[in-house]
Amino acid sequence: MVNLNAVLLISFALFSIGIAGVLIRRNALVILMCVELMLNAANLNFIAFARHSGSVSGQAFALLVMGFAAAEVAVGLALVVALYRKRDTVQVDDINLLKG
Amino acid sequence: MEHFIETIGRNMFAIFGVMALGGAAVVVASRSAVHSVLAFLFAMLCIAGCFLSLEAEFLGMAQILVYAGGIVVLFLFVVMLVEVSKAKEKEVFQLQSRYAIGAVLLGVAAFSAVFRKVIFGAASPQALKLSDNLAQGLDVAKQNAQAVSRGLFAGYLLPFEILSVVLLVALVGAVVLAKTERV
């Protein structure tokens with residue numbers, strides 16, 4: 001048996017690490033990875049609550065989230081490659097084209 | 001010893017969870033993007049272990065397939081495209097080929113140690129048969145996959161179909177975004 005609180009704690013910590021990474025890193029690739037970490041923390045919560053409530057809906061939704069994460073990563077990496085072609089950098093603080 | 005193993009088995013989730021947190025911390029802290037990707041792979045595998053210990057067998061396997069098999073490889077390719085290496089290698093062989101050969105030999109040794117009896121021993125008189133524990137585990141996994149598929153296709157068919165459209169759009173969008181300028 002796994003304690004629900006333990007799962008929530010782990011997923012909270014994982015989400016925090018992910019959000020810290022998004023905020024403090026400059027490399028766009030690492031930022032994408034941290035977004036993935038956050039999505040996985042959410043998935044962990046889905047599964048924990050599915051197990052807690054005895055319903056399978058949470059697992060089905062976690063599978064959907066996994067698919068959306070894959071789509072997101074494909075588009076995000078394509079954006080990174082396009083950005084590298086145009087601006088020759090993947091550091092997000094070098095990208096200030098929209099700055100007035 | 002028995003007791004120790006039992007304790008580990010009971011706390012499998014916590015062990016995998018803490019390992020995943022460590023991997024995530026390395027993703028954030030590491031300077032090299034390649035190291036980040038490898039730590040990300042480690043964290044994803046540990047999260048798959050968490051899923052397995054939460055009795056979501058199908059999702060654990062899907063996690064390994066999708067992340068370790070797909071997304072991490074994609075990340076590695078983009079790191080290779082984007083991070084220009086400054087120093088060119090002059091030697092013919094890679095620096096790590098010695099280690100690679102050693103690892104292969106180690107793998108062969110471990111494999112032959114495990115399957116020593118099967119390979120070199122006399123043919124077993126009994127037919128091959130799953131142990132009860134393993135058979136039960138497979139049964140549980142089958143039930144889990146059945147339950148998930150029932151939930152997905154009965155309860156959430158519309159989101160599932162929308163996901164397929166989103167994946168198609170992402171596919172086309174990624175190709176359009178990443179293609180070179182017209183020739």
Side-chain angles (χ1 to χ4, degrees), chain A residues 1-3 6-7 9-11 13-14 16-18 20-22 24-25 27-30 32-34 36-37 40-41 43-44 46-48 50-51 55-85 88-90, chain B residues 10 12-14 17-18 20-21 24-25 27-28 30 33 36-37 39-40 43-44 47 50-51 53-56 58-59 62-63 66-67 70-71 74-75 77-79 81-83 144 147-153 155-156 159-160 163-164 166-167 169-171 173-178 180-181:
Chain A
M1 271 323 248
V2 180
N3 193 350
V7 186
L9 200 65
I10 294 270
S11 100
L14 203 60
S16 312
I17 292 176
V22 169
I24 67 176
R25 289 302 301 250
N27 193 331
L29 286 166
V30 179
L32 271 177
M33 275 187 263
C34 292
E36 290 295 307
L37 284 180
N40 270 288
N43 261 353
L44 209 53
F46 265 130
I47 290 173
R51 190 165 178 278
S55 138
V56 83
S57 299
Q59 292 194 13
F61 245 90
L63 199 62
L64 291 177
V65 170
M66 220 179 264
F68 278 107
E72 174 247 319
V73 116
V75 175
L77 287 176
L79 278 173
V80 169
V81 170
L83 201 62
Y84 183 72
R85 289 228 178 87
D88 219 29
T89 181
V90 288
Chain B
R10 235 182 290 117
M12 209 48 118
F13 175 80
V18 171
L21 289 184
V27 170
V28 175
S30 153
S36 276
V37 175
F40 178 73
M44 289 302 122
I47 289 174
C50 287
F51 288 178
S53 65
L54 285 172
E55 292 169 15
F58 178 71
L59 273 167
Q63 171 93 356
V66 170
Y67 279 95
I71 289 180
L74 210 58
F75 265 114
F77 264 102
V78 174
V79 168
L81 285 176
V82 161
E83 304 270 313
N144 177 250
V148 171
S149 67
R150 204 168 290 133
L152 195 60
F153 292 116
Y156 298 98
F160 182 75
L163 173 64
S164 67
V166 168
L167 279 173
V169 171
L171 176 71
V175 170
V176 170
L177 281 173
T180 47
E181 299 297 315

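Throughout, a chain's letter reflects where its sequence line sits, starting with A, and its residues are numbered from 1. Computed from heavy atoms alone, side chains included, the values below leave out hydrogens, waters and symmetry copies.
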**Request:** Look only at the side chain of A:R85 and the backbone of B:A178, and say whether a donor-acceptor pair between them is shorter than 3.5 Å.
**Result:** yes
task = Indicate whether the side chain of A:N43 and that of B:Q63 have a donor and an acceptor atom separated by less than 3.5 Å.
result = no
Smallest heavy-atom separation, B:A174 atom then A:A74 atom, equals CB-O, 3.9 Å
Chain B shares the most heavy-atom pairs under 4.5 Å, among A:L77, A:L83, A:V80, A:V90, with A:L77
Between B:C50 and A:L44 the two heavy atoms that sit nearest each other are CB-CD1, 3.9 Å
B:I47 and A:L14: CA distance, side-chain angles, deciding distance, side chain to side chain contact (heavy atoms under 4.5 Å, CB included) verdict: CA-CA 10 Å; B:I47 289 174; A:L14 203 60; 3.5 Å; yes
Turns out that what part of B:S164 lies under 4.5 Å from chain A's heavy atoms comes down to neither
_Minimum side-chain heavy-atom gap A:V81-B:L177 below 4.5 Å_ = no
Interatomic distance, OG@B:S36 vs CG@A:L29, rounded to 0.5 Å, equals 9.0 Å
If one checks every heavy atom of A:V75 against chain B at 4.5 Å, the contacting part turns out to be both
Looking only at A:A62, A:A48, A:S57, the option with the highest number of non-hydrogen pairs under 4.5 Å against chain B is A:S57
Report task. Output, in order, the C-alpha distance, side-chain angles, deciding distance and verdict of side chain to side chain contact (heavy atoms under 4.5 Å, CB included) for A:L32 and B:F75. Result -> CA-CA 9 Å; A:L32 271 177; B:F75 265 114; 3.8 Å; yes
Cut-off 4.5 Å, heavy atoms of chain A, and the answer for B:F13 is side chain
Minimal heavy-atom distance between A:V56 and B:G151, with the atoms involved, is CG1-CA, 3.8 Å
Note to self: Does any part of the side chain of A:F68, heavy atoms only, come nearer than 4.5 Å to the side chain of B:V166, both counted from C-beta?
What the structure shows: yes
Cut-off 4.5 Å, heavy atoms of chain A, and the answer for B:M44 is side chain
Exercise. Between B:F40 and A:V30, is any pair of side-chain heavy atoms under 4.5 Å apart?
Worked result: no
So, the part of B:Y67 with a heavy atom under 4.5 Å from chain A: the answer is side chain
The interface call for B:V37 against chain A, heavy-atom contacts under 4.5 Å, is both
- request: Apply side chain to side chain contact (heavy atoms under 4.5 Å, CB included) to B:L152 and A:F61, showing your working.
  value: CA-CA 8 Å; B:L152 195 60; A:F61 245 90; over 6 Å; no
_As a quick check of understanding, evaluate side chain to side chain contact (heavy atoms under 4.5 Å, CB included) for A:E36 and B:I71, giving each step before the final call._
CA-CA 10 Å; A:E36 290 295 307; B:I71 289 180; 4.0 Å; yes
Value for CG (A:L63) from CG (B:L59), rounded to nearest 0.5 Å, stands at 5.5 Å
Heavy atoms of A:G67 and B:L167 approach each other most closely as O-CD2, 3.8 Å
- Using modelled atom types only, decide if a donor and an acceptor are shared between the side chain of A:R25 and the backbone of B:V28 within a distance under 3.5 Å. yes
Note: B:E55 and A:R51 closest approach over all heavy atoms is OE2-NH2, 3.4 Å
Highest number of heavy-atom pairs under 4.5 Å with chain B among A:G76, A:G58, A:A13 belongs to A:A13
